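These notes are about the structure you will find just below.
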Amino acid sequence: MVTAATLTLVEETPYRWRLDRRGAMRVPGIVFATQRLLPELVGDRSLEQVANVATLPGIVVASYAMPDVHWGYGFPIGGVAATDVDDGGVVSPGGVGFDISCGVRLLVSPLLRHELRPHLADLMDALSRRIPRGPGPGGVWHLSGGLRELEEVLRGGARYAVERGHGVPRDLSRCEDQGAVDEANPAQVSVRALQRGLGQVGSLGSGNHFLEVQAVDAVFDEAAADIFGLRIDQVGVMIHCGSRGLGHQICSDQVRVMAASMWRYGISVPDPQLACVPVRSPEGAAYLGAMAAAANYGRANRQLLTEATREAFGLATGTSGLDLLYDVSHNLAKLERHPVDGTERVLCVHRKGATRALPPLHPELPPDLARAGQPVLVPGSMGTASYVLAGTRDGAAFHSTCHGAGRVMSRHAALRAITGRELRQELESAGIAVRGTTQRGLAEEAPFAYKDVDEVVGCCELAGLARRVARLRPLGVVKG
DNA sequence: ATGTAC
């Protein structure tokens, strides 16, 4: 067990720090952070988690932490770890997180900020009526085919949603994996998970999930912004949500199975929350099949919320046309090919609170975006800025970057520091319309409970993980 | 994140 007290970070550059191998670590840790972010990440147990992840069988190159890293279940949130699947590499549900395929999409409208202004209150009210949110059941899509149709969602994700008329084919061209991964295995999804998922397709959930009406307030890379269709004052809608109770139940189910079967593979880990099995094992295949089903559910979820958003936008503004810029997950494991020591290997890349950031001209990119690199959507904390980044040619951490601001204060501490009523007043007086659920839910997401998103994305750019394209400021927030 | 514990 590596203890926090013995961990020492060695400065490689002002934006990149190394945790040297020691004890059972198979690879070093690499932490991307500025001097200003360092105390925040040393303040919790996330460094210890970076070191623990470095002990996993088959891990290659390094256990990475993004600048928004913070403590999580087993793996840190903001962690990236890749294992060599043909060399005993493992897959671990803790490296994906409970909210499988949690992610973000950004819709871009033809309106500018001043054109929306007279319609903003109507738009927020229309969104408030149409966007199911908060914990528990409720979703915009009532699956008339019941569990049988849910299985279609698990196989087809956003593709199935569009097939059923909930969106247009162009949406799919702007989704990671064109809206669905092919490896989903609904047979590995428990009845309980299915039951939880049945009534939640098209819902935000709670916690840090949100839907925001935003406007571009800064452009950092004119050429990329032009390719992405973003200009100053342009209005967009950002949707941040995941796979709700279904993903959570799948993670719980699979962790239990893995913890009970690890001994068969002779694997020992320094933390029981790092339960894992070889990718090439029956349990590994079961997890990846169930995880893919949850991933598709998450993509369908964001697609249905897009449809509801378009309806609200049309009603309130009389304008149609909310084009999808991109949809990308930040909680997922994927089998990808990457060079390791000069040889191309098949790796199981775990990104937990970390976003894939493909470089310009990568074959998986939509052809019309390829020159700019993959759009990376980074939601900031409530009431602050969000960013659009783009993948860089060199990248690092298997082409990954940050996923958000990163929490620094516990929900409990945030509740002690401010009331929901106070926070709502602060946001409204800053000109941000709020449509929330509970006072408590608002208070837990207070901006001071998070790192400075400007510092986080600035660090990503300086470290070469991604480059800044545009910043968006909220005009209105629908809070889960 | 999560029918915020089965």
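Proteins get letters first, then strands, A, B, ... in listed order; numbering begins at 1 in each. Small disclaimer: the values here were computed from a predicted structure and weren't measured.
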Once you apply a heavy-atom cut-off of 4.0 Å, does A:G207 come out as touching a base, just sugar-phosphate, or nothing?
sugar-phosphate
Take the angle between the ring planes of A:Y160 and A:W141 and call it parallel below 30°, perpendicular above 60°, tilted in between.
parallel
Value in whole Å for how far the P atom of B:dT4 lies from CD of A:E445:
17 Å
Mind calculating the distance between OH (A:Y73) and P (B:dT2) to the nearest angstrom?
17 Å
Check step by step if salt bridge (charged side-chain N to carboxylate O under 4.0 Å, His left out) holds for A:R164 and A:E152.
CA-CA 11 Å; A:R164 302 301 302 169; A:E152 297 295 324; over 6 Å; no
What contact category does A:R192 fall into here, base, sugar-phosphate, or nothing, at under 4.0 angstrom with non-hydrogen atoms?
base
Would you check if the side chain of A:E428 reaches a backbone N or O of A:V434 as a donor-acceptor pair within less than 3.5 Å?
yes
Using atom OH of A:Y297 as one end and atom C1' of B:dT2 as the other, report the distance to the nearest whole Å.
13 Å
Rounded to the nearest angstrom, tell me the gap between atom CG in A:D99 and atom P in B:dT4.
15 Å
Just how far, in rounded Å, is P of B:dT2 from CD1 of A:I77?
13 Å
Can you check whether A:S206 has a side-chain N or O nearer than 4.0 Å to OP1 or OP2 of B:dT4?
no
Rounded to the Å, how far apart are A:H209 NE2 and B:dT4 P?
16 Å
Passing candidate, ring-ring contact (aromatic ring centres under 6.0 Å, His included) with A:H248, options A:F98, A:Y73, A:Y297:
A:F98
Once the angle between the rings of A:H403 and A:H330 is folded into 0 to 90°, is it parallel (under 30°), tilted (30 to 60°) or perpendicular (over 60°)?
perpendicular
Using a heavy-atom distance cut-off of less than 4.0 Å, which residues of residues 243-254 of chain A contact DNA chain B?
A:R244, A:G245, A:H248
Is the shortest heavy-atom distance from the side chain of A:L347 to the side chain of A:T83 under 4.5 Å?
no
Between C1' of B:dT2 and CD of A:Q200, the distance in whole Å:
9 Å
